[in-house]
Amino acid sequence: MPVLRLKCIFVYFMLLQVLALVGFFMGFFPIKTLPNRNASLEDLPSTFKDIRINPKDFYHRHVNRMILLVIDGLRYDFLNGEDAEENMPFVSSLVNKSGNCLLKVRVETPTVTMPRIKALMTGNIPGFLDIIRNFKTNEITEDNILRQASKNGFIPIFYGDETWISLFPHEFIRKETTTSFYVNDFFEVDDNVTRNLKKELNRSDWDMMILHYLGLDHIGHVEGPKSTHIKPKLNEMDNIISLIFKDFILKGTNKNDLSNILIVCGDHGIHDSGGHGGSSLAEVLVPFFLINHDCNTDMRNEETSQTDITPLISVLLGLPIPAANLGKLDYRLLKKMEPLSKLYTMYYSTHNLKKTFDDYHFDIHSYPDILNSLQEADNLFELIIKSGSDSIIENKLLYHYYEAQKFMSSKMSELNITFDFYLMFISLILLIQIWWILLKGCRLVFTKPRILISLICFTILNGFKLFGCHLSTGSSFVCCDDITSQIIPSILTAVFSFNILLIPPITRRTRVSFDVDPPLLILFLLHLLSYTSSSYIEEEHQFWYFFLTSLFLYTIISKAAYSCIVPLLVQRFLRKLNQTGNKWAFIPDIGDWLNEEKNMTLLLIVYISGQLVIIYWFLKHMIEKNVRKWLLFLEIILFLFQILVITLYRFSIGDLSFLASPLLESRGITEVKLFWSILSIQIVLYITSINCKDSKNKFMLNIIEIILVLTVEIISLLHKPHNIVLISGMLIFQDILEKYYINNVYYKMFFYQSLGMVFYFYQGNSNGLASIDITAGFVGLEEFSLVISGLFVFLNTFSAIILSNILLLRNIYLFKSYEAKRRKEQYWIFYKENLHPPLFYNEELEYYWFIPFVSCSYAIFYTTYIVLQRHHLFLWSVFCPKLLYLSCEILLYCVIIFLLFVIELSYIAISHLVQFYERVY
């Protein structure tokens, strides 16, 4: 029971780490500060220094109708690169003609669809965690272009990505959506949009049509930007633009001589290795092409912000600029506008931005240069109103207004994020407290002084809340009135105060002796320190590749382990299977080469080879099991049948083919349903084969081996065909290396965790968001499910880490012996004095302690460092994505330890029931 009590404490501390990280996330990630108002036409200035102005004379609609064509994943170089004329010949011909305007737009991270739509329509910068909300979109509450259009009599319609309808459920008169998350659909998802477009071009009862094509983005996710499907898809988009140009632009002048306008843009780009979400140039640079709207030719090579598009569209439609807008209006885009209208528009947009500047608690008087520039521009505007226009004065006025807007927009964009220092502080000290208790050991102390200290700490920490609200400029999570914002900090402070009762007396010596072998300690510290460099974070895989290679060489030389020579050569192949990192991600890899149509036969050979190794591994370990022959035979048949079903699924969706053509023609739904059905049968079969009278060690080993087999099957289903060799590679690698490090538990743990990280990067994962393979989230699904798809993506992404931990636990229980004498090697022996009577060395307990202690060390170091670097240039593009990955890994470890503990409790409960039953009957 003392051991079980300790395990319970370790699980408790692991859960607390997750809670502390949740609190840190709420405090660290951006909380937007938005003005609580909506713009209206009444905001248009009607007086200027006692001079009455009629806003309708200067601010009105400048286009007849507008089509906004959003091509998801359209990179800037697709429209203006070396192959642009071949991929999009019609558009390329328009780019070089006057009367059109191509802009290079830079978008903010995260580069995913939902926050980019919000930025385009509101003119504000969404928060970083909108990358998570991208999968569960809610209605926009901020002022936006579509709300203004509906309020002012416009008739907007929409066809395309369903994300728009989730954000704007009431704004469109007619609409039809397509599912954005079924990424294996390259063609039908766009055909539906084009079908509706052709109908609408023959109608005239709408003012604004938004089209959002998804096919190009889906190709980018599944096959990358160098896919053979990219060119045909761009040709298709080019034909659609040509159709709109002929039937909408050329025929689109109304009685007021207002022409139609077509805007072609991308919401974000595509990373060179496929996917998006990060901050590479390929992801953040997108085109914004205005067809039938001219601008200055010197703007083509300039970068403009995506938020700057919002005021431009508002002005062209004669709508009030949204109240939350942070974008600046470039006067060079108003080339066709009458002089006085242009001057008035710049005056209105500048002073509208100044209102928002004031809402953000900036004082314009603190910036005398900008104040003087504004005052001078206003004086020039007054002079023009009274004395008439003059081109020199006009240009000077426009320049002053534009410079003032640039400054205010820049300052507000920087302040658009704020940090909740109280939540970050309480989360950090809770993590430090957990680490200290794990290091020193714990003992529940219910004395009056200790209880008094706990209550005082609780009071002081809650008192700090006011101080935290004062520090957090603008809105703060804990300063809000809703109940959620009160519960989280209260729980954190209550837990911290309670944990004070668990801290051992100061006089008690440390329970963990740091006489661990220096190589392990040095590797641990080096890896921890590497997190202080953005470049090392981006290229973290190099650390793990170097480590595994060094481990193989060390084992071969020091232990004469010549069996390691073959894995050493194989790992060279595996590290080139999927290019990862940031610096070399664009280089074609073996996986890209195998997935080319001409190499499908080779891909099939690699796939079958990987599956044969997995089958060999399974048979080898199944023969060692002491079970009935008929049961063993049935388990083998079901496993082989599962491999066959997975293979048929890959053939059915075209991932594999024989003689260059798929064997089956389906979407793989039936095959995947069959897979889960067989898996259910396997689970029932495995459970019924467990003998409840076995020892705890044997019971745990049987359960873990069942989980291992099922995990291998599920990962095989989710992995891309060429990645199957990674599963077989990990199984073989651990079989070869484990025997050389069996006698030292910490070498063993570090080896397995390192093996998981190495194969995590072999899979093509990185610390960037663009490397997440979302195609795994749609395996066998007929429609999008947030929970199931999210679980599939998580399992696929962290499959190597999951598998390595299951293999480690299997190894621990396989070689565990309670009667073994204390090993001669020195370990981080801990809590010895708490175990009474003394027990022999327990590897299982070491695992329960090792994982929380190491994960807490990483969490403390990285969260502290990221707070210190909160103004770093690469905060949102490098450090924050790494924080998300690190938190997901800690969550994963928490789930593993919690499930392990639940399984052990289940054994104890079953054992007691069996004993009770035997006594009764």
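In what follows, every heavy atom counts, from backbone to side chain, and hydrogens, waters and symmetry copies are set aside.
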Margin query: Test your reading of the model: is there a side-chain donor-acceptor pair from Ser789 to the backbone of Gly777, 3.5 Å cut-off?
Written below: yes
Note to self: For the NZ atom on Lys354, are there more than 12 heavy atoms of other groups (residues, nucleotides or ligands in this structure) within a distance under 6.0 Å?
What the structure shows: no
Checklist line | Minimum-distance pair of heavy atoms, taken over all atoms of Phe78 and Pro225 | finding: CZ-CB, 4.2 Å
Next item on the list: Verify whether one side chain among Gln405 and Thr350 offers a donor that lies under 3.5 Å from an acceptor in the other.
Entry: yes
Notebook entry, point to check: Can Asp267 and Lys118 be counted as an ion pair, charged N to O under 4.0 angstrom?
Noted result: no
Check: Does any N or O in the side chain of Asp207 come within less than 3.5 Å of the main-chain N or O of Phe154, such that one atom is a donor and the other an acceptor?
Finding: no
Next item on the list: Considering non-hydrogen atoms only, spot the tightest contact between Ile165 and Lys175 and give its length.
Entry: CD1-CD, 3.6 Å
Check: Does any non-hydrogen side-chain atom of Ile117 lie less than 4.5 Å from one of His212?
Finding: yes
Item checked: Validation row: Ser887, Phe24 side chains within 4.5 angstrom (heavy atoms) -> no
Check: Hey, what do you get for OG (Ser150) to CD (Gln148), rounding to the nearest 0.5 Å?
Finding: 9.5 Å
Next item on the list: Under the side chain to side chain contact (heavy atoms under 4.5 Å, CB included) rule, what do Arg106 and Leu285 come out as? Steps first, then yes or no, please.
Entry: CA-CA 5 Å; Arg106 178 178 286 270; Leu285 292 182; 4.1 Å; yes
Item checked: disulfide (SG to SG under 2.5 Å) against Cys295, all qualifying residues, sequence neighbours excluded -> Cys101
Notebook entry, point to check: Excluding sequence neighbours, so at least two apart, what forms side-chain hydrogen bond (donor to acceptor under 3.5 Å, both in side chains) with Thr177?
Noted result: none
Notebook entry, point to check: Which atom pair, heavy atoms only, marks the closest approach of Val189 to Leu214?
Noted result: CG2-CD1, 3.8 Å
Notebook entry, point to check: In chain order, what residues pass the disulfide (SG to SG under 2.5 Å) check against Cys894, with sequence neighbours excluded?
Noted result: none
Check: According to the salt bridge (charged side-chain N to carboxylate O under 4.0 Å, His left out) rule, which pairs have a member within residues 307-328, sequence neighbours left out?
Finding: Asp308-Lys328
Notebook entry, point to check: Is the backbone N or O of Ala324 less than 3.5 Å from a side-chain atom of Asn124, with the two atoms forming a donor-acceptor pair by type?
Noted result: yes
Next item on the list: Assess whether side chain to side chain contact (heavy atoms under 4.5 Å, CB included) is satisfied between Phe25 and Leu883, documenting all intermediate values.
Entry: CA-CA 9 Å; Phe25 267 60; Leu883 179 62; 4.0 Å; yes
Check: Among Thr304, Val105, Leu74, which residue meets the side chain to side chain contact (heavy atoms under 4.5 Å, CB included) test with Phe288?
Finding: Val105
Next item on the list: Could I get the full list of salt bridge (charged side-chain N to carboxylate O under 4.0 Å, His left out) partners for Arg116, not counting sequence neighbours?
Entry: none
Check: With a 4.5 Å heavy-atom cut-off, do Leu290 and Leu262 have their side chains touching?
Finding: no
Notebook entry, point to check: Hey, are the side chains of Asp143 and Thr122 touching, using non-hydrogen atoms and a 4.5 Å cut-off?
Noted result: no
Notebook entry, point to check: Roughly how far apart are Ile669 CD1 and Leu781 CG, rounded to 0.5 Å?
Noted result: 7.0 Å
Item checked: Any residue meeting ring-ring contact (aromatic ring centres under 6.0 Å, His included) with Tyr344, in chain and number order, not counting sequence neighbours -> Phe58
Checklist line | Residues Ile71, Leu69; criterion side chain to side chain contact (heavy atoms under 4.5 Å, CB included); working and verdict | finding: CA-CA 6 Å; Ile71 304 176; Leu69 175 58; 4.3 Å; yes
Next item on the list: Indicate the atoms forming the closest heavy-atom contact of Ile249 with Ile291, along with that distance.
Entry: CD1-O, 4.1 Å
Item checked: Nearest-0.5 Å distance that lies between atom CD in Glu139 and atom NE2 in His170 -> 4.5 Å
Next item on the list: For Ser766 and Tyr885, run side-chain hydrogen bond (donor to acceptor under 3.5 Å, both in side chains): C-alpha distance rounded to whole Å, both residues' side-chain angles, the deciding distance at 0.1 Å, then the answer.
Entry: CA-CA 9 Å; Ser766 70; Tyr885 279 111; 5.2 Å; no
Check: For residues His268 and Asp72, is any side-chain donor paired with an opposing acceptor at under 3.5 Å?
Finding: yes
Note to self: Would you compute the distance between atom CG of Asp359 and atom CE of Met412 and round it to the nearest 0.5 angstrom?
What the structure shows: 9.0 Å
Notebook entry, point to check: What pairs with Phe357 under ring-ring contact (aromatic ring centres under 6.0 Å, His included), at least two apart in sequence or on another chain?
Noted result: Phe362
Notebook entry, point to check: Any side-chain heavy-atom pair from Leu492 and Ser427 closer than 4.5 angstrom?
Noted result: yes
Note to self: Any donor-acceptor pair under 3.5 Å linking the side-chain atoms of Asn192 with those of Glu176?
What the structure shows: no
Notebook entry, point to check: CG of Leu243 to CZ of Phe248: how many Å apart, nearest 0.5 Å?
Noted result: 11.5 Å
Note to self: Restricting to salt bridge (charged side-chain N to carboxylate O under 4.0 Å, His left out), what partner residues turn up for Glu236, sequence neighbours left out?
What the structure shows: Lys233
Notebook entry, point to check: Between the main-chain N or O of Met346 and the side-chain N or O of Ser349, is there a donor-acceptor pair closer than 3.5 Å?
Noted result: yes
Notebook entry, point to check: Will you find, in the side chains of His276 and Asp217, an N or O donor that is under 3.5 Å from an N or O acceptor?
Noted result: yes
Checklist line | Any Asp161 side-chain heavy atom under 4.5 Å of Val193 side chain | finding: no
Next item on the list: Taking ring-ring contact (aromatic ring centres under 6.0 Å, His included) as the test, write out the residues that go with His60, two or more places apart.
Entry: His62
Item checked: Minimum side-chain heavy-atom gap Met121-Thr310 below 4.5 Å -> no
Checklist line | Gap separating the OG atom of Ser40 from the NZ atom of Lys151, nearest 0.5 angstrom | finding: 6.0 Å
Next item on the list: Please name the pair of heavy atoms, one in His271 and one in Ala282, separated by the smallest distance, quoted to 0.1 Å.
Entry: CA-CB, 4.5 Å
Checklist line | Exam field: side chain Arg147 to backbone Asn38, donor-acceptor pair closer than 3.5 Å | finding: no
Item checked: Side chain proximity check, Val284 to Thr111, heavy atoms < 4.5 angstrom -> yes
Next item on the list: Compare every heavy atom of Leu103 with every heavy atom of Tyr76, then report the nearest pair and how far apart it is.
Entry: CE1-O, 3.8 Å
Item checked: ring-ring contact (aromatic ring centres under 6.0 Å, His included) partners of Tyr348, counting only residues at least two apart -> Tyr59
Next item on the list: May I ask you to check whether Tyr159 and Trp206 place their ring centers less than 6.0 Å from one another?
Entry: no
Margin query: Could you go through Met66 and Ile313, starting from their C-alpha distance and side-chain angles, then the distance that decides it, and tell me whether this counts as side chain to side chain contact (heavy atoms under 4.5 Å, CB included)?
Written below: CA-CA 9 Å; Met66 173 185 288; Ile313 294 177; 4.0 Å; yes
Note to self: Run the salt bridge (charged side-chain N to carboxylate O under 4.0 Å, His left out) test against Lys406 and tell me which residues pass, sequence neighbours left out.
What the structure shows: Glu403
Item checked: Basic-acidic side-chain contact under 4.0 Å: Asp191, Arg195 -> no
Next item on the list: Please list, chain by chain and in numerical order, all residues satisfying salt bridge (charged side-chain N to carboxylate O under 4.0 Å, His left out) with Arg174, sequence neighbours excluded.
Entry: Glu200, Asp205
